[in-house]
**Student:** 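This is the structure, below, for whatever I ask next.
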Amino acid sequence: GAGVSQSPRYKVAKRGQDVALRCDPISGHVSLFWYQQALGQGPEFLTYFQNEAQLDKSGLPSDRFFAERPEGSVSTLKIQRTQQEDSAVYLCASSLRGLAGTFADTQYFGPGTRLTVL
Amino acid sequence: AQSVTQPDIHITVSEGASLELRCNYSYGATPYLFWYVQSPGQGLQLLLKYFSGDTLVQGIKGFEAEFKRSQSSFNLRKPSVHWSDAAEYFCAVVASGGSYIPTFGRGTSLIVHP
């Protein structure tokens, strides 16, 4: 497909379980972002990749959150020992250029993964 | 740090009526400004963006926004709303000077009555 895809679309986890969320960006896009969107709120930045390099992880809320993009395309966001406050929609976005042009480029968002932690 | 305020949580309009969604930002210099739309179960789609130049920006789907420096505002407008415009709308700001991380407002939910 031509757009950003994310899987699974919905995930229910019991508190304490580990989860892995996948993002397939648009082919050839250098930049990849992860956001967390709590209910009734706007997206909040989690982390940024330029190709395989994680250049910014300042938005990750705790060391239970880990993201990777080992080959510069698909990315995985992993949450260990999930807590109820992790319940949110996790959005992935990609854009064409790397860091220097990122602010000017359109970010293309995936549909998100809705995580519910019981 | 920059911040964004969308003062209206919900806006209800009749189909065919005009629309204005408010967005105010806080930042020391002129930021880069964006409006996104999010339909239920979908990701965000960029409507328009402002970097510099003409303060009236045209976007997709018939939307436009006007940057007013004196009011620190970037309000979104549409002259005639269609039922398909019902969605969540987010204003976002990126600090100028090399940043790349957007700060989003909490969103305004648009309800369109037939």
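Quick note on labels: first sequence line is chain A, next is B, and so on, each numbered from 1.
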**Student:** Is it possible for you to say whether A:L96 and A:L91 belong to one hydrophobic cluster, with membership spreading through side-chain heavy-atom contacts below 4.5 Å?
**Tutor:** no
**Student:** Does B:Q58 have more than 12 heavy atoms from other residues, nucleotides or ligands lying within 6.0 Å of its CD?
**Tutor:** yes
**Student:** Relative to chain A, which segment of B:L44 carries a heavy atom at a distance below 4.5 Å: side chain, backbone, both, or neither?
**Tutor:** both
**Student:** Does one hydrophobic cluster hold both A:I26 and A:L77, with members joined at side-chain heavy-atom distances below 4.5 Å?
**Tutor:** no
**Student:** Measure the CZ-CG distance between A:F109 and B:L46 for me, rounded to the nearest 0.5 Å.
**Tutor:** 9.0 Å
**Student:** Report yes if some heavy atom in the side chain of B:K49 is under 4.5 Å from a heavy atom in the side chain of A:T106; otherwise report no.
**Tutor:** yes
**Student:** Sort A:Q37 into side chain, backbone, both or neither according to what part of it lies under 4.5 angstrom from a heavy atom of chain B.
**Tutor:** side chain
**Student:** So, for A:P111 and B:G41, which heavy atoms are closest and what is the spacing to 0.1 Å?
**Tutor:** CB-O, 3.9 Å
**Student:** Of all the heavy-atom pairs spanning B:F90 and A:G42, show the shortest one and how long it is.
**Tutor:** CE2-CA, 3.4 Å
**Student:** Chain B heavy atoms under 4.5 Å from A:R9: which part of the residue, side chain, backbone, both or neither?
**Tutor:** side chain
**Student:** Applying a strict under-4.5 Å side-chain criterion to I, L, V, M, F, W and Y, I'd like to know whether B:L19 and B:V112 cluster together.
**Tutor:** yes
**Student:** Tell me, out of B:S39, B:G107, B:S109, B:P102, who's got the most heavy-atom pairs with chain A below 4.5 Å.
**Tutor:** B:P102
**Student:** Do B:Y36 and A:Q107 touch side chain to side chain, with heavy atoms closer than 4.5 Å?
**Tutor:** yes
**Student:** Under 6.0 Å from the CD1 atom of B:I60, do we count more than 12 heavy atoms belonging to anything else shown?
**Tutor:** yes
**Student:** Count the heavy atoms of every other residue, nucleotide or ligand shown that sit under 6.0 Å from CZ of B:F63, and state whether that count exceeds 12.
**Tutor:** yes
**Student:** Which region of B:Q38, side chain (C-beta onward) or backbone (N, CA, C, O), has a non-hydrogen atom less than 4.5 Å from a non-hydrogen atom of chain A, or is it both or neither?
**Tutor:** side chain
**Student:** Looking at B:E64, I want to see if its CD is surrounded by more than 12 non-hydrogen atoms of other residues, nucleotides or ligands under 6.0 Å.
**Tutor:** yes
**Student:** Count the heavy-atom pairs under 4.5 Å between each of A:P43, A:C92, A:G40 and chain B, then report the option with the highest count.
**Tutor:** A:P43
**Student:** Which bit of A:Y35 comes within less than 4.5 Å of chain B, counting heavy atoms only: side chain, backbone, both or neither?
**Tutor:** side chain
**Student:** Are B:V37 and B:L76 connected in the hydrophobic side-chain network, where two residues link if heavy atoms are under 4.5 Å apart?
**Tutor:** yes
